[in-house]
Amino acid sequence: MSNELEILQRALQREKAARKQAEQILEGKSRELYLLTQELKDVNAKLEEGLTEKTSELQGVFGNLVDAYVLMDISGNVIKMNHSAEELFGYDINKEQLNIVKLIYKEDYEYAMTSFQELIFKGSFSDYQARVYTKHKGVRTVHINASLIHNKKNQPIAAQGIVRDITEELERKRIFEEQKKQLSAIVENSSLGIALTRFGKIIQTNKAFQNLLGYTPDELLQKEVKNISLKDEYEKSASNMQKMNDGEINNFSVNKRYVKQDGTIFWAKTNVAAVRNEDGSIKYQVALIEDITEQLEFEKQRDQLVKNLEKSNKELNDYAHIVSHDLKSPLRSMNALLTWLKEDYEEILDDNAHNSLNMLLKKVDKMDHLISGILKYASIDKVDHPKQNIALHEIVADIIDVIHIPDHITIEVATELPIIQGDKFRLQQLFQNLIGNAVKYNDKEQGLITVSCEQKEDFWQFTIADNGPGISKKYHDKIFQIFQTLDDKNESTGIGLSIVKKIVVLYDGQVWVESEEGKGTTFYFTLKNKI
């Protein structure tokens with residue numbers, strides 16, 4: 001009995017010890033579970049915080065996305081749109097429902113359905129371009145990249161797309177292409193030779209350039225600029241090209257000769273301009289060449305003509321002075337001899353002889369005036385005095401005092417005469433010839449000569465009018481030609497009015513006459529405010 005009791009006690013002790021051990025193990029595991037639970041709570045808190053942060057970031061990106069963002073279910077009902085999408089399509093899905101089919105442009109419907117099927121089967125599509133209807137902006141052209149959204153079972157539940165409005169971009173491209181075509185047409189049909197070069201290598205030419213040089217387009221693509229240039233002239237241009245490559249200049253112009261395909265040479269004016277990359281380096285050069293061979297030949301002939309004309313003018317001027325010196329001397333001798341004859345033989349000569357001598361003296365006197373007139377006409381544009389401020393009322397007053405004015409003739413200055421810049425000698429010649437003629441040929445018992453002027457835009461218009469015999473209209477042009485005269489008495493040299501015209505033309509003015517026989521004559525002429 002005692003043995004059984006001992007066995008029972010030992011069994012109870014072992015059970016007690018095992019229970020205690022189990023409690024200790026359970027207590028340890030509970031502690032570990034508690035600590036793990038706390039750790040999981042901390043991790044979950046961090047995950048929730050990270051998820052909130054990422055969600056906030058995604059919402060920020062979604063809201064600030066420049067392109068339109070659209071989220072729709074598989075049936076095409078729009079679930080979400082960002083601000084850019086609302087601006088583009090004009091819909092607020094918080095206030096009205098919107099199915100994507102409503103936006104599809106009628107003529108693009110089939111293409112849209114094909115693209116949607118591609119989205120369903122492939123999971124995405126890119127570079128979709130089509131027209132869409134918008135609420136306020138009309139029809140727009142858009143570019144779309146789209147993808148499906150799947151659930152955990154990999155089943156498609158929605159679709160999202162980034163939509164970019166490319167309407168203006170396409171219009172800019174269209175305008176650019178149109179302008180490009182227009183520019184190409186202008187370049188191709190230009191009368192100027194045009195070539196693109198890169199570091200001396202020809203890369204493109206137009207028809208005019210090809211025709212000038214006699215090469216085909218393909219032949220020119222095998223050439224360099226030095227192959228169609230004379231060596232010494234190419235070297236001169238090469239220095240400018242180097243400056244252009246170094247960024248010192250952007251363009252230059254040069255006259256140079258080119259060698260044609262047949263070996264002949266022609267002169268051309270060449271303008272070269274640089275087209276640069278963003279970093280300033282040379283992309284290529286544009287050269288415009290114009291054949292100036294005939295122009296240079298014309299200029300050469302013109303220069304020679306000017307030299308010849310200058311020589312002729314000098315010879316004419318010298319001749320006028322020679323005439324003045326060599327002819328006036330014998331005329332004076334003739335005048336003296338005739339005067340002596342008239343005085344020495346006055347009692348011997350009859351009336352006919354006296355009349356003949358008087359006529360000879362008049363002829364000699366007229367010849368003297370004619371020679372003086374020729375000299376004045378020839379030298380009127382040779383004498384170049386410094387321009388001064390000339391008071392024309394003083395000029396006219398001096399003329400009235402100097403010339404002989406018969407008692408029956410009155411000269412009136414009807415308006416105030418201006419002060420202009422010019423040569424006093426020429427202006428005096430101008431007014432004296434016109435006023436002198438008006439006095440000389442006036443045939444009225446009470447002659448009247450009126451001097452006046454009127455200011456126009458940038459010039460003065462002067463008028464010298466008389467009530468004399470008048471001039472027939474058929475002579476209005478003739479009277480301004482040298483040696484032309486209407487004086488029946490043969491007292492005029494026919495040089496005075498030609499000098500008037502020469503002076504007026506010299507000052508870039510005009511002169512003309514209005515007159516009728518028996519009704520007087522009015523001469524008009526213009527002078528610039530500043531001669």
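Heavy-atom basis, side chains included; hydrogens, waters and symmetry copies ignored. Note that the structure is predicted; figures quoted are calculated from it, not measured. In this chain, numbering begins with 1 at the start of the sequence shown.
Put simply, the side chain of Asn206 gets close to the backbone of Leu192: a donor and an acceptor are under 3.5 Å apart. Between the Lys444 side chain and the Gly468 main chain, a donor and an acceptor come within less than 3.5 Å of each other. The backbone N or O of Ile471 sits nowhere less than 3.5 Å from a side-chain atom of Glu516 that would complete a donor-acceptor pair. Side-chain atoms of Ser452 never come within 3.5 Å of backbone atoms of Thr415 as a donor-acceptor pair (strictly under, hydrogens ignored). Between the side chain of Asp165 and the backbone N or O of Thr167 there is at least one donor-acceptor pair closer than 3.5 Å. A donor-acceptor pair is defined here as one N or O able to donate and one able to accept, closer than 3.5 Å; such a pair exists between the side chain of Asn467 and the backbone of Leu448. One N or O on the side chain of Lys201 and one on the backbone of Leu221 form a donor-acceptor pair closer than 3.5 Å. No donor-acceptor distance shorter than 3.5 angstrom exists from the side chain of Asp108 to the backbone of Gln129, with no hydrogens or angles considered. Using a distance-only test at 3.5 Å, with no hydrogens or angles considered, a donor-acceptor pair links the side chain of Asn433 to the main chain of Gln429.
Checking Thr526 against Gln510 by side-chain atom types alone, no donor-acceptor pair falls below 3.5 Å. Side chains of Tyr91 and Thr134: a donor-acceptor N/O pair is absent below 3.5 angstrom, by distance only. Between the side chains of Ser229 and Lys256, at least one donor-acceptor pair of N or O atoms lies under 3.5 Å. Donor-acceptor pairing under 3.5 Å is lacking for the side chains of Asp218 and Thr216. Side-chain polar atoms of Ser515 and Thr521 form a donor-acceptor pair below 3.5 angstrom. Between the side chains of Glu514 and Thr522, no donor N or O sits under 3.5 Å from an acceptor N or O.
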Carefully, step by step, assess Leu527 and Phe459 under the rule side-chain contact (heavy atoms from CB on, under 4.5 Å). CA-CA 6 Å; Leu527 295 176; Phe459 61 88; over 6 Å; no
Given side-chain contact (heavy atoms from CB on, under 4.5 Å), test Glu224 with Asn227 step by step and report yes or no. CA-CA 5 Å; Glu224 295 186 16; Asn227 301 139; 3.5 Å; yes
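Ion pairing of Lys473 with Glu517 is absent here, as no side-chain N (NZ or NE/NH1/NH2) approaches a carboxylate O to less than 4.0 Å. In this structure, Arg140 pairs ionically with Glu168, as a charged nitrogen and a carboxylate oxygen lie closer than 4.0 Å. The residues Glu177 and Arg174 are annotated as not salt-bridged, no charged nitrogen and carboxylate oxygen being separated by less than 4.0 angstrom.
Between Tyr524 and Trp512, the angle of the ring planes stays under 30°, which puts this pair in the parallel group of the 30/60° scheme. Phe462 and Phe431 have perpendicular rings, their planes meeting at more than 60° on a 0 to 90° scale where under 30° would count as parallel.
Within the 4.5 Å cutoff, the side chain of Leu103 has heavy atoms near those of the Phe89 side chain.
Interatomic distance, Leu430 CG to Ile464 CD1, rounded to the nearest 0.5 Å: 7.0 Å.
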